[in-house]
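Reminder, nothing fancy here: chain letters follow the sequence lines and each chain counts from 1.
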Amino acid sequence: MAVSNTRDIKRKIRSVNSTMQITKAMELVSTAKLKRARNRMDITKPYFETVTEAVKDILGADKSIKLKYVADKEIQNTLYIVITSDRGLCGGYNINAIKKALEDIADPKKAKFITIGKRATDAYNRMNLDVVDTFLYISEQPEYVHAVHIAKKALAMFDAGEVDAVKLVYTNFASTISQVPVTLQLLPIEKGEQVAKDEATDFVNYEPSPEEVLKFVIPKYVESTIFGGLIESAASEQAARRVAMESASDNAEEIIEELTLTYNQARQAAITQEITEIVGGAEALK
Amino acid sequence: MGRKFNLEVVTPDEKFFEGETDMAILRTTEGDIGILFDHEPLVAPLKIGSIRIRQDESAFRWATCSSGFLTVSDEKVTVITDAAEWVDEIDLDRAERAKERAEKRIREGANKEVDVLRAKASLERATNRIRLYSQK
């Protein structure tokens with residue numbers, strides 16, 4: 001290490017130490033927040049799953065349904081809803097989601113964005129991409145109304161024909177140490193594998209008609225999927241931050257250890273030198 | 001006492017109800033429907049209204065229900081709604097306040113840029129709560 005002056009080393013140790021205190025505190029905070037976010041995820045998951053299942057069932061059971069939401073025409077303009085956090089210091093969480101969306105885009109000029117969280121907003125604005133709407137300060141504690149607003153905006157654009165596909169990019173909470181960004185197509189809805197199933201599916205009654213029901217159910221589906229994505233991303237964010245802060249703390253500890261060693265060596269060298277000088281001086285006086 | 005079936009009421013914030021019942025009455029966009037054991041498979045949107053669930057021999061348990069939809073399958077009945085609330089848990093003051101607020105919004109709707117549709121929906125929800133509360 002270049003610093004050999006004991007005072008400099010000491011100062012450096014102190015600075016690393018105070019940084020470590022911050023990262024440790026942040027780690028604890030995100031651990032607590034992660035717990036809350038996971039609880040929330042467990043509560044909302046049934047809703048999210050039931051809605052998705054219901055939509056899949058309806059679309060799978062009835063092949064005659066013709067609706068613009070399930071059309072399979074060619075996709076020209078895509079609207080991306082990208083969920084990131086407002087704050088950094090969470091490892092690759094934000095950048096992974098931002099990149100994931102970009103990977104999917106064939107022609108950046110035709111893509112439109114609704115961004116959630118400051119990180120994505122700033123990133124796409126810097127790239128001069130078309131950000132049509134942004135939602136800030138909701139990513140940490142998303143509420144259902146937020147999802148409703150986002151869905152409304154997306155559906156309005158879809159209905160007006162400004163875009164012909166809507167995709168959601170969120171971070172899937174695989175485990176506390178692994179979060180994977182995912183792109184999910186919201187609209188038009190892919191009919192899925194259910195179509196391949198044999199014809200023996202039950203006859204289901206739709207009141208008043210399958211089209212009417214779908215007209216109602218699909219916006220719900222979009223809302224709930226966005227909500228599910230928000231909730232899951234919130235948990236992922238905390239998990240990512242916890243891991244990032246944990247490794248930062250570990251790293252700080254390592255640096256401190258190394259610096260302490262260097263400090264002790266330098267101190268020892270100084271003492272040895274002093275003793276040599278004293279002995280030398282005494283010797284000369286004889 | 002009829003045979004029982006499984007009923008599940010889910011909202012974004014919680015699993016509101018999960019259990020057995022022998023009869024449930026819900027308000028769909030086409031009108032009230034009662035569901036008994038072995039109802040034919042059905043999917044229908046729900047209006048802002050009430051959910052009535054009968055458990056044991058006792059009377060119906062009432063709950064408010066915001067918009068959503070209902071699916072009946074062979075195994076169970078699932079109600080998906082934005083919000084549900086047992087009648088005895090209704091906060092009347094809050095409902096009254098919401099009603100006033102919504103009415104004001106609708107009155108001012110034309111000149112200010114307010115979402116009248118949203119205000120109307122919120123008014124409907126508030127009146128629904130008040131109505132169910134006073135029936136209790």
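Applying the side chain to side chain donor-acceptor pair (under 3.5 Å) rule to pairs touching residues 93-103 of chain B yields nothing, sequence neighbours excluded.
Proximity to chain A (any heavy atom under 4.5 Å) is shown, for B/T28, by neither the backbone nor the side chain. Proximity to chain A (any heavy atom under 4.5 Å) is shown, for B/S73, by neither the backbone nor the side chain. Heavy atoms of A/T44 lying under 4.5 Å from chain B belong to its backbone as well as its side chain.
The pair B/K76-B/E8 meets the salt-bridge criterion, since a charged nitrogen lies less than 4.0 angstrom from a carboxylate oxygen.
Of the possible polar contacts, one joining the B/T127 side chain to the B/E124 backbone as a donor-acceptor pair under 3.5 Å is found.
Remark: A/K167 pairs with A/D104 by the salt bridge (Lys or Arg N to Asp or Glu O under 4.0 Å) rule, at least two apart or across chains. For B/R129, the salt bridge (Lys or Arg N to Asp or Glu O under 4.0 Å) partners are B/E85, not counting sequence neighbours.
There is no side-chain donor-acceptor pair under 3.5 Å between A/N172 and A/S236.
Between B/F69 and A/F216, the ring-plane angle classifies as perpendicular under the 30° and 60° cut-offs.
Between chain B and the residues A/K220, A/R40, A/K45, the most heavy-atom pairs under 4.5 angstrom are made by A/K220.
For residues 139-151 of chain A, the interface with chain B (any heavy-atom pair closer than 4.5 Å) comprises A/Y144, A/H149, sorted by residue number.
Taking the ring centroids of B/F5 and B/F37, they lie at or beyond the 6.0 Å cut-off.
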